[in-house]
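All ligand and atom numbering here is 1-based and tracks the order in the structure.
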Amino acid sequence: MSILALFWFLLTYIYVVNTIILAQANFVFNRCDNTENYTRNSTYERNLDATLSALPTTNSGLGFFNFSTGEGNNTVNSIALCRGDVNPDACSSCLNDSIVNLRKLCPNQKEALAYYDYCLLQHSNTNLLVYPQKRDYFFQFNPQNTTDIDRFNGALGALMDELRGAAAAGGPLGPLLKFASGNRTGPGLTRIYGLVQCSPYLTEQQCSECLEEEVSLIGINDNGKIGGKIVLPTCYFRFQMYPFFNKSIRVATPPPPFPQTTPPTTPPPPPGMLYS
Ligand SMILES: *[C@@H]1O[C@H](CO)[C@@H](O)[C@H](O)[C@H]1NC(C)=O
Ligand SMILES: *[C@@H]1O[C@H](CO)[C@@H](O)[C@H](O)[C@H]1NC(C)=O
Ligand SMILES: *[C@@H]1O[C@H](CO)[C@@H](O)[C@H](O)[C@H]1NC(C)=O
Ligand SMILES: *[C@@H]1O[C@H](CO)[C@@H](O)[C@H](O)[C@H]1NC(C)=O
Ligand SMILES: *[C@@H]1O[C@H](CO)[C@@H](O)[C@H](O)[C@H]1NC(C)=O
Ligand SMILES: *[C@@H]1O[C@H](CO)[C@@H](O)[C@H](O)[C@H]1NC(C)=O
Ligand SMILES: *[C@@H]1O[C@H](CO)[C@@H](O)[C@H](O)[C@H]1NC(C)=O
């Protein structure tokens with residue numbers, strides 16, 4: 001794994017930002033891209049306001065949000081994705097909070113992103129529905145080491161392979177919900193719990209590749225820790241020695257009709273459908 005990890009590292013010029021913001025209990029990371037700023041009272045700022053206020057109304061039904069406004073240089077794109085096991089209220093409140101906080105944290109940047117435990121928010125003047133995105137990633141690990149790294153990694157690797165395959169192929173609600181969670185017995189009688197998710201617009205191959213890259217990033221950053229999470233803009237991965245996710249997939253209710261958006265290509269799932 002370390003050779004694969006090194007390969008990825010050299011290949012992708014990874015740019016790591018590891019900022020832990022403590023102000024918000026559920027806040028994980030944010031990044032403001034300082035290469036392009038907008039000015040106060042500009043068309044760009046108005047478009048950004050309009051985009052982010054409409055974004056929460058665009059739920060695909062699977063916790064994915066996508067909204068853009070403006071033209072040419074004043075185009076503002078935004079997307080958000082909730083974790084697949086988060087209920088619709090928690091999803092909505094995470095997105096609302098992240099919009100308010102990201103505007104404060106990145107007050108004049110055209111491009112910014114925020115990762116919370118339950119949701120991811122991005123806005124940019126460039127297209128966000130692309131893979132791969134900029135190679136910045138965020139991670140957080142538990143400080144404790146496992147006592148038996150080889151056996152732990154064996155169990156974690158097997159769990160990850162299983163979850164990666166399941167998420168990439170699409171969950172029980174169809175190919176757009178690229179989410180999977182599960183557990184496996186680790187060293188001793190302990191159990192490892194894992195959760196993975198990809199952005200819905202990734203292909204099966206891209207989702208699998210993205211998650212594979214995250215697994216390789218564990219090797220670079222903190223091999224042998226008893227828990228952690230790694231997030232790229234297009235995929236998410238977390239493991240712990242305790243259950244930390246809802247066993248059911250909790251999808252949002254289908255969105256109300258919203259004139260500016262095209263309806264999702266697959267019919268919205270029935271509200272509150274459960275999967276265990
Ligand atoms: C954008 O604004 C930030 C401060 O908000 C500043 O640090 C950065 O240098 C600015 N970038 C450019 C290209 O002016
Ligand atoms: C932005 O517009 C408001 C009201 O139109 C005005 O009060 C404020 O001074 C303007 N700010 C800048 C930086 O131009
Ligand atoms: C758009 O931005 C590019 C570079 O940022 C600039 O060269 C071009 O003139 C801009 N176009 C308009 C219409 O402002
Ligand atoms: C999020 O904001 C929208 C619109 O501003 C509001 O309708 C909704 O109730 C809010 N959701 C939560 C959970 O606060
Ligand atoms: C975990 O292991 C690393 C290196 O093997 C060591 O530097 C670190 O102090 C250990 N952490 C704890 C909490 O024991
Ligand atoms: C572990 O996963 C199995 C399915 O693979 C499931 O039946 C079981 O309930 C899970 N155990 C816990 C403690 O979550
Ligand atoms: C995002 O929204 C645009 C229209 O606003 C739509 O054309 C596009 O298909 C959407 N993409 C995804 C992945 O939802």
Side-chain angles (χ1 to χ4, degrees), residues 2 24 26 47 49-71 75-83 86-103 114 116-131 133 139-150 152-153 170 173-178 187 197-204 206-207 210 218-228 233-235 241 250-269:
S2 60
Q24 285 280 318
N26 65 342
N47 288 348
D49 288 341
T51 304
L52 294 183
S53 60
L55 184 66
T57 67
T58 65
N59 194 344
S60 67
L62 298 172
F64 179 66
F65 304 77
N66 157 31
F67 194 71
S68 303
T69 50
E71 291 179 332
T75 303
V76 179
N77 301 301
S78 66
I79 58 172
L81 178 65
C82 285
R83 216 172 80 182
V86 165
N87 73 47
D89 276 351
C91 173
S92 168
S93 104
C94 183
L95 180 52
N96 287 1
D97 289 352
S98 61
I99 288 171
V100 171
N101 285 312
L102 192 57
R103 290 305 297 280
Y116 284 70
D117 270 342
Y118 291 163
C119 65
L120 155 71
L121 168 69
Q122 287 179 273
H123 68 73
S124 175
N125 57 337
T126 63
N127 184 9
L128 290 168
L129 299 171
V130 293
Y131 176 85
Q133 290 201 5
F139 59 84
Q140 193 174 48
F141 288 95
N142 299 37
Q144 294 88 355
N145 297 312
T146 54
T147 48
D148 186 341
I149 291 191
D150 289 343
F152 185 85
N153 283 347
L173 301 179
L176 294 178
L177 186 66
K178 293 189 163 51
Q197 187 165 12
C198 291
S199 297
Y201 58 88
L202 265 54
T203 63
E204 180 169 359
Q206 290 168 338
C207 176
C210 188
I218 299 178
I220 294 175
N221 292 296
D222 259 309
N223 194 15
K225 297 301 182 200
I226 59 163
T234 47
C235 63
M241 303 281 269
R250 307 288 300 278
V251 299
T253 46
F258 193 76
Q260 285 105 317
T261 52
T262 44
T265 48
T266 50

Any donor-acceptor N/O pair, N142 side chain to Q144 backbone, under 3.5 Å | no
F64 and L177, any side-chain heavy atoms less than 4.5 Å apart: no
Atoms of ligand 5 under 4.0 Å from any heavy atom of K225, numbered from 1 in the order shown, are 1 (C)
Is C198 disulfide-linked to C210, taking SG-SG under 2.5 Å as the test?
no
The reported gap from CG in L202 to CG in L176 (rounded to nearest 0.5 angstrom) is 11.5 Å
Yes or no, since that's all I need: does a protein heavy atom fall within a distance strictly under 4.0 Å of atom 9 (O) of ligand 5? no
Any side-chain to backbone donor/acceptor pair from T51 onto N77? Under 3.5 Å, distance only. no
Quick note on ligand 7: atoms under 4.0 Å from a heavy atom of N66 include exactly 1 (C), 2 (O), 3 (C), 8 (C), 10 (C), 11 (N), 12 (C), 14 (O)
Ligand 5 atoms nearer than 4.0 angstrom to some heavy atom of N145 are 1 (C), 2 (O), 3 (C), 8 (C), 10 (C), 11 (N), 12 (C), 14 (O)
Any protein heavy atom < 4.0 Å from atom 5 (O) of ligand 5:
no
Contact region, L95 to ligand 4, non-hydrogen atoms below 4.0 Å, reads neither
Mind checking whether S93 has an N or O less than 3.5 Å away from an N or O of ligand 4?
no
**Request:** Report yes if the SG atoms of C91 and C119 are separated by under 2.5 Å, and no otherwise.
**Result:** no
Output for pair (L121 CG, Y116 OH), nearest 0.5 Å, gives 8.5 Å
Notebook entry, point to check: Below 3.5 angstrom, do we get any N/O pair linking N96 and ligand 4?
Noted result: yes
Here the atoms of ligand 4 under 4.0 Å from any heavy atom belonging to D89 are 13 (C)
Notebook entry, point to check: Does ligand 7 have an atom that lies less than 4.0 angstrom from a heavy atom of F67?
Noted result: no
